[in-house]
Participant: 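Following this message is one structure expressed as structure tokens.
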There are 2 protein chains.
Amino acid sequence: MAYVTIRDIALRSGTSVSTVSRALNNTGRIAPVTKSRIEKAARELGYIPDSRAKAMRSTKTGLAGLLVPDIRNPYFADLAYAIQDTLFNAGYCTSIGTSSEDSAQQDAYIVSMLSQHIDGMIIVPRGGRTAALESLVTMEIPTVFVDRHVSGMPQIPVVDSDPLPGLQAALGDFQAHGYKKIGYISGPILDSPTLQEREYTFRTLAGALFGEENVFVESTSFSHTSCLPVLRRMRQSGVNAFIFGYSQDAIQAISIFGSQGATIGGDISLVSFDDLELFQLLTPKISVVSQQVQKIGSLGAQIFLNLVEGGEQPDSQRVETVYFPRQSVGCAAQDK
Amino acid sequence: MAYVTIRDIALRSGTSVSTVSRALNNTGRIAPVTKSRIEKAARELGYIPDSRAKAMRSTKTGLAGLLVPDIRNPYFADLAYAIQDTLFNAGYCTSIGTSSEDSAQQDAYIVSMLSQHIDGMIIVPRGGRTAALESLVTMEIPTVFVDRHVSGMPQIPVVDSDPLPGLQAALGDFQAHGYKKIGYISGPILDSPTLQEREYTFRTLAGALFGEENVFVESTSFSHTSCLPVLRRMRQSGVNAFIFGYSQDAIQAISIFGSQGATIGGDISLVSFDDLELFQLLTPKISVVSQQVQKIGSLGAQIFLNLVEGGEQPDSQRVETVYFPRQSVGCAAQDK
DNA sequence: CTGAAAGCGCTTACAG
DNA sequence: CTGAAAGCGCTTACAG
């Protein structure tokens, strides 16, 4: 490894390490001649500062830790991209980790990132409080939760989406199309307060609009087949209009409906959370409640930057969901 | 920041920093009693070693740099996941960067990662040789290219896929279904030797099988609308069977065909590279030439580990493409 | 304006 | 078996 150090630059420019440091960091007073001589030497030598050594003195590493449950989920990929892009433009390198929806692995990543002395973390947390999560607050590491929050950790600001506006619009659309019964598949809500809130909001809204007795709610698990029995039960109850709180379930359901020969937008209607590219490619296009992931990501990154650089404790923020009506909601046939 | 240091542990356990270091690293001889006393203190204090300080002495950071063109592309998301997973299990933290298919940003990331003194890099390169890419070899940073290679940089091992087996099988399938003319949309080949090789392989194979005059090849750009004129031209030439070398083009084409009312698997047939989840959700399911991305990723990570830990220069490796026939290839109607 | 010195947290010979 | 000391590359008071 032929790393060039400031000592090499000092040697070549006939100055001392302290002068080189000052010249390269624009700190203190240096003679313009000396400065340009040093800069020339640095350029010729191809100097790349050692940010580890730098960090040891200044308690800043320029490293941000990002933890998502699964980067293969397009929603999180979009989120990660937005965050990473904002942070890179602010001079931060982002280290991405995948918790695989597993608390132990999440904690392992947090510890590993702490050992790199990252300047702070942006986390899509899974599950509840854990030892590593706690240590983040006791060690006062700037941290922001994104997309989901952890109950019992109010110290940490969170950027998530407000399910109400989008759900309200979606329910209105179903009503306008003549539906009388609505099914809601809420996803693997066990570990996710966000999914819980979505379900709760749906219940409240839909109950008021359609009457408690016409509202059907069931949750699923992370398993790849958990949707099937739920859908069967709901359809037997005469439900033909569905809202999916968890887009992976919607994808599963679409493929199930497809294999059953049910026509989406005809026999049945559905709306999913998350505005995935995929939903616009399917025929018919799927109506969605968008969380505006791009906005959530850049807002989260912004709050991270405020925390790390400003030091003040920013407030949590909510991004409104918006409903995009497309072709997957058609007119109710003979919904009794 | 309340980071615990080995000095704190030395104080609490009534030993010295050097003894603590030895105890925690299982190096040299230490009295078992001392050792357990130190370990207890470390545990109680919640000690997390400072890997930067560690790295400064040992020239190992435990950090791997991964650079992909766009993490939002599901193919790269799968690839990144596989790599990151393998590396994490080997004790490495992966820093992911996105070059956005832009050479300048690619170089910026490489420099930024070098300044973190990453132990090595795994890169899906874009374009040709650049200053930063060159410096990787002159500085002897362990590097492996994955999915694509860079012409003129034979020093760097590459793991990519061999297009031949998959293409051959796909062409065989078209032939079996009675097609006489084949169109190949090769994607934005300008900066990608991989896409160039695919096109070349297609030309050779298809020319031999169908005759030069029945083989139509065109490339596209990264733009979101570049497919439209290409498809129009080909269909006017009487082409109803298509192979897409670049999956993003196939996605575009599917949505174009959908809006034109053309039936895939009926009016026209198509095969795309990359076994994306999406292709199995569409109706009909899309036949694909799979690159076995999971395999490429773990192989790439393995070679990285060999380079970093073994030090020997490993060979480049090719992973065979395999063809998965599905419903998007139907019988030719009246192909003249 | 510039250099010598101390120190960030750790490891590693070197004495004892 | 254990401690004191040097040094990794850098920054930051402190003298000059």
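Note that the structure is a prediction, hence the values are computed from the model and not measured. Proteins come first, then strands; the chains are lettered A, B, ... in the order of their sequence lines, and each starts at number 1.
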Participant: Does atom NZ of A/K40 have more than 12 heavy-atom neighbours, drawn from other residues, nucleotides or ligands, at distances under 6.0 Å?
Facilitator: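 Check fails, neighbour count at 12 or below.
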
Participant: Between A/D70 and A/T98, is there a side-chain donor-acceptor contact under 3.5 Å, judged purely by atom types and distance?
Facilitator: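 A/D70 and A/T98 do not have a side-chain donor-acceptor pair below 3.5 Å.
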
Participant: Taking the six-membered ring for Trp, is the centroid-to-centroid distance between B/Y47 and B/Y3 below 6.0 Å?
Facilitator: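 That pair fails the under 6.0 Å test.
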
Participant: Could you pick out which residue, A/V17 or A/R29, lies toward the 5' side of DNA chain C when each is mapped onto its nearest nucleotide?
Facilitator: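 On the 5' side of the pair lies A/R29.
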
Participant: Please test A/E101 against A/R148 for salt bridge (Lys or Arg N to Asp or Glu O under 4.0 Å), starting from the C-alpha separation and ending with a verdict.
Facilitator: CA-CA 13 Å; A/E101 294 290 3; A/R148 323 211 267 229; 3.0 Å; yes

Participant: Taking heavy atoms of chain B and a 4.0 Å limit, find me the 5'-most and 3'-most nucleotide of DNA chain C within that range.
Facilitator: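 Taking any atom under 4.0 Å from a heavy atom of chain B, the span is C/dG9 to C/dA13.
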
Participant: Could you say whether B/H117 or B/G14 is positioned toward the 5' end of DNA chain D, judged by the nucleotide with the nearest heavy atom to each?
Facilitator: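 Residue closer to the 5' terminus by nearest nucleotide: B/G14.
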
Participant: Using a heavy-atom cut-off of under 4.0 Å over every strand shown, decide if A/T34 touches base, sugar-phosphate, or nothing.
Facilitator: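 The answer is sugar-phosphate, as A/T34 gets under 4.0 Å only of primed atoms, P, OP1 or OP2.
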
Participant: So A/S18, base contact, sugar-phosphate only, or nothing? Heavy-atom distance under 4.0 Å.
Facilitator: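 It contacts base atoms.
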
Participant: What's the separation between atom CG in A/L66 and atom OG1 in A/T94, rounded to the nearest 0.5 Å?
Facilitator: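 A/L66 atom CG to A/T94 atom OG1 measures 6.5 Å (nearest 0.5 Å).
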
Participant: Nearest heavy-atom pair of B/A301 and B/L87: which atoms, and what distance?
Facilitator: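 Here B/A301 and B/L87 meet closest at CB-CD1, 3.6 Å.
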
Participant: For B/I6, report the nucleic acid contact type (base, sugar-phosphate, nothing); a contact means any heavy atom under 4.0 Å.
Facilitator: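 Base contact.
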
Participant: Check this for me: does any side-chain nitrogen of one of A/D160 and A/R318 sit under 4.0 Å from a carboxylate oxygen of the other?
Facilitator: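 Result for this pair is yes, salt bridge flagged.
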
Participant: Could you summarise the pairing of DNA chain C as dot-bracket text, marking Watson-Crick and G-U pairs under 3.5 Å with ( ) or [ ] inside the strand and | across strands?
Facilitator: |||.||||||||.|||

Participant: Which is true for B/R52 with a 4.0 Å heavy-atom rule: it touches a base, it touches only sugar-phosphate, or it touches nothing?
Facilitator: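 No contact.
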
Participant: Want to settle it: does B/S21 or A/T15 sit nearer the 5' end of DNA chain C, counting the closest nucleotide to each?
Facilitator: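 Counting from the 5' end, the first nearest nucleotide belongs to A/T15.
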
Participant: In the structure I gave you, are the side-chain heavy atoms of B/V124 and B/F145 within less than 4.5 Å of one another anywhere?
Facilitator: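 A side-chain contact is absent here, since even the closest heavy-atom pair is not under 4.5 Å.
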
